[in-house]
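Just so it is clear, the model here is predicted, and its values are computed rather than measured.
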Amino acid sequence: MTERRITTVLAALIPLLVLALLGMFVTVPYVAVGPGDTADTLGDYKGKQVVTVKGLPVHRPAGQLRFTTVAVTDGLNLYGALGMWLKGNQLAPRDAYYRPGQSREQIEEGNREQFVGSESSATVAALRYLKVPTAIGVTGLVKGGPSDGKLRSGDVLQAVDGAPVAAPDTVSKAIEGKKAGDTVTLSVLRADGPAQVPVVLADKDGKPRLGVLVGQVPADPKVEVGFGVDQVGGPSAGLMLTLGIIDMVEPGDLTGGRVVAGTGEIGSDGAVGPIGGISHKLEGAKRDGATVFLVPARNCAEAKTSPPADLQLVKVDNLDGAITALSDVREGRPAPSC
C-alpha cells in the first residue's frame with residue numbers, strides 16, 4: 001500500500017516537475033515592452049556628453065531636452081515573462097519587434113545603423129536651421145571596411161579620382177565599372193587641411209565598395225557635431241538631438257528652464273515623422289521629471305488616449321513648428337496640442 005502511494009505521488013509530481021523545467025528553460029515567443037531610459041541631449045548619458053559641438057560658439061542652456069526610449073526585453077522564459085507582466089510591462093509577440101530569423105547581433109546592428117542615420121539627419125536639420133553651410137562628405141564608415149582608418153567622419157569630399165563631388169551619388173557613380181582591388185583616390189578637406197586618400201575597393205555583394213556613408217556635413221571641417229550615445233537604437237531620438245544642437249548654439253534657452261521630453265524621427269529637411277511605443281515613452285518622460293512632451297502629429301491620436309497626469313502634450317509637424325511651440329510654452333501662450 002505504501003509503495004502504491006509513493007508511485008501515485010511520483011506520477012503526480014513528474015508532470016509538475018516537467019512543467020517547472022519547461023518554464024525555466026523554454027524561451028517564450030514574446031517580449032516585454034515598457035518605458036526605457038530618457039536622456040538629456042544638453043547633458044550626459046551614462047558618463048558621456050550626449051551632444052558636442054566644436055567650431056561654433058556654444059553655451060550650456062537652462063532646462064533639459066530629453067529623448068525617450070522604449071525598453072524591449074527579449075529571451076524571456078515563462079517565469080520571466082510573468083514577472084515582467086506583474087511589474088506592469090506589456091507582453092507582445094516577438095515578431096512585432098524583431099524580424100523572424102534575425103539574431104540579436106543583427107537586430108542590434110540594424111538599430112545602430114538607424115541611429116547613426118538619425119544622428120546625420122539631426123545634424124543637417126540643425127545646421128540648416130542655424131544657417132551653417134553644408135557640403136557633401138563622410139557621415140559614417142563601415143567598421144572594418146576599406147575606408148575604415150583612412151577616411152574620417154566629417155571629411156568634406158571634394159573629388160574622386162579627380163572628378164568633382166557635386167552630389168551624394170557622385171561617389172557611387174565614380175566607382176562604377178571598377179572592381180574589387182582597384183584603388184581610388186579621394187580628395188578631402190579636413191580641419192588640418194586638404195588630403196589625398198587612396199582606398200582599395202573591397203567586394204560587397206558582388207560589387208566594389210568603399211565602405212563609406214555619404215551625406216551632408218559642415219562645409220567648414222572645423223565645425224564638428226558629435227554624439228556620445230552608443231547604446232540607443234532606432235531613429236526616434238532625431239528631433240530631440242536636433243533641438244539639443246540648436247539650443248547649445250543659439251543664445252537663450254528653448255525650454256525656459258523646464259524639463260521637456262519628446263520623440264520623433266527627423267528628416268534633414270526638418271520634417272518630424274511618427275515613431276512606435278509612444279505610450280511607454282510618455283510614461284518614461286513623466287517618471288524622469290518632464291512636464292512637456294513633444295509628440296509627432298501622427299502619434300497624437302495614440303498619445304492622448306491615456307497620457308500621464310500633468311504632462312502637456314505638444315503637437316509638432318516639423319522642426320520650425322517645434323521651436324515655435326517651445327516659444328509658446330516658454331512665454332505662456334497656447335501651444336498646438338494633441
Legend entry - Side-chain (D247) to main-chain (L254) donor-acceptor, under 3.5 angstrom: yes
Inset, instruction - Indicate yes or no: at least one non-hydrogen side-chain atom of T170 is less than 4.5 angstrom from one of I136. - result: no
Legend entry - T263 (side chain) donor-acceptor with F67 (main chain) under 3.5 angstrom: no
Legend entry - Working for side chain to side chain donor-acceptor pair (under 3.5 Å), residues D288 and T38: CA-CA 7 Å; D288 292 349; T38 75; 2.6 Å; yes
Inset, instruction - Apply salt bridge (charged side-chain N to carboxylate O under 4.0 Å, His left out) to the pair R152 and D192, showing each step before the final yes or no. - result: CA-CA 12 Å; R152 307 171 188 169; D192 52 3; 3.8 Å; yes
Legend entry - Between Q196 and S187, a side-chain donor and acceptor under 3.5 Å: yes
Inset, instruction - Compare every heavy atom of P35 with every heavy atom of A71, then report the nearest pair and how far apart it is. - result: CB-O, 3.7 Å
Legend entry - V132-I245 co-clustered via ILVMFWY side chain contacts under 4.5 Å: yes
Legend entry - Check against side-chain contact (heavy atoms from CB on, under 4.5 Å), Q158 and V188: CA-CA 5 Å; Q158 297 181 306; V188 303; 6.0 Å; no
Legend entry - D44 (side chain) donor-acceptor with G47 (main chain) under 3.5 angstrom: no
Inset, instruction - Spell out, as yes or no, whether a donor-acceptor pair under 3.5 Å connects the side chain of S337 to the backbone of L313. - result: no
Legend entry - Any donor-acceptor pair under 3.5 Å from D205 side chain to K207 backbone: no
Inset, instruction - For the pair K178 and D161, find out whether any cationic side-chain nitrogen is under 4.0 Å from an anionic carboxylate oxygen. - result: yes
Inset, instruction - For residues L326 and V260, determine if any side-chain heavy atom of one lies less than 4.5 Å from a side-chain heavy atom of the other. - result: yes
Legend entry - Between CZ on residue F227 and OG1 on residue T52, distance to nearest 0.5 Å: 8.0 Å
Legend entry - Flag side-chain contact, heavy atom, 4.5 Å: K281 against I275: yes
Inset, instruction - Would you confirm whether T68, through its side chain, and G262, through its main-chain N or O, come within 3.5 Å as a donor-acceptor pair? - result: yes
Legend entry - Test item: V212 and V142 side chains (from C-beta on) under 4.5 Å apart, heavy atoms: no
Legend entry - Considering all heavy atoms, the nearest A219-P221 contact: O-CD, 3.3 Å
Legend entry - Spacing of N299 atom CG and K304 atom NZ [to the nearest 0.5 Å]: 12.5 Å
Legend entry - Closest approach of P198 to T183 (non-hydrogen atoms, all atoms of both residues): CB-CG2, 3.9 Å
Inset, instruction - May I ask whether V124 and L56 are part of the same hydrophobic cluster, defined by side-chain heavy atoms of I, L, V, M, F, W, Y residues being less than 4.5 angstrom apart, directly or through others? - result: no
Legend entry - hydrophobic_cluster_shared for L319 and M248, side chain cutoff 4.5 Å: yes
Legend entry - Cationic N near anionic O, under 4.0 Å, R209 to D203: no
Legend entry - Heavy atoms from other residues, nucleotides or ligands near CG of D310 exceed 12 (cutoff 6.0 Å): no
Inset, instruction - Report yes if the side chains of V214 and T139 come closer than 4.5 Å at any heavy-atom pair, otherwise no. - result: no
Inset, instruction - Would you please test L243 and T41 for side-chain contact (heavy atoms from CB on, under 4.5 Å) and show each step? - result: CA-CA 8 Å; L243 292 172; T41 61; 5.9 Å; no
Inset, instruction - Supply the atom-to-atom distance D317 CG to C300 SG, rounded to the nearest 0.5 angstrom. - result: 8.5 Å
Inset, instruction - Please determine if R128 and D269 form a salt bridge, counting it only when a charged side-chain N lies under 4.0 Å from a carboxylate O. - result: no
Inset, instruction - For L282 and A303, work out which heavy atoms get closest and say how close. - result: CD1-O, 3.6 Å
Legend entry - Single hit among R258, H59, R60 for side chain to side chain contact (heavy atoms under 4.5 Å, CB included) with D253: H59
Legend entry - 4.5 Å side-chain heavy-atom contact, L239 and L294: yes
Inset, instruction - Determine whether the side chains of Y129 and D320 contain a donor N or O and an acceptor N or O closer than 3.5 Å. - result: no
Inset, instruction - Working to the nearest 0.5 Å, report the span between CD1 of I266 and CG of L241. - result: 9.5 Å
Legend entry - Hydrophobic cluster identity match, L311 and M240, side-chain contacts under 4.5 Å: no
Legend entry - Side chains of F293 and V314 in contact at under 4.5 Å (non-hydrogen atoms): no
Legend entry - Ion pair D182/K179, N-O distance below 4.0 Å: yes
Legend entry - Rounded distance (nearest 0.5 Å) linking atom OG of S306 with atom CD of E283: 7.5 Å
Legend entry - S147 side-chain N/O to L210 backbone N/O, donor-acceptor pair under 3.5 Å: yes
Inset, instruction - Could you pull out the closest heavy-atom pair between R190 and V197, with the gap in Å? - result: NH2-CG2, 3.8 Å
Inset, instruction - Could you check if a side-chain atom of L157 sits within less than 4.5 angstrom of a side-chain atom of V160, using non-hydrogen atoms only? - result: no
Legend entry - OG1-CG distance between T242 and L127, expressed to the nearest 0.5 angstrom: 9.5 Å
Inset, instruction - Please report the shortest heavy-atom distance between G264 and P296, naming the atom on each side. - result: CA-CG, 3.7 Å
Legend entry - Whether over 12 other heavy atoms sit under 6.0 Å from K315 NZ: no
Legend entry - Test log, rule side-chain contact (heavy atoms from CB on, under 4.5 Å), inputs L42 and V50: CA-CA 7 Å; L42 303 174; V50 175; over 6 Å; no
Legend entry - Stepwise side-chain contact (heavy atoms from CB on, under 4.5 Å) check, S327 with R333: CA-CA 8 Å; S327 176; R333 297 187 296 264; 3.0 Å; yes
Legend entry - Any donor-acceptor N or O pair under 3.5 Å, side chains T291, K286: no
Legend entry - Flag, side chain of D40 to backbone of L65, donor-acceptor distance under 3.5 Å: yes
Legend entry - V171 reachable from V138 in the ILVMFWY side-chain graph, under 4.5 Å edges: yes
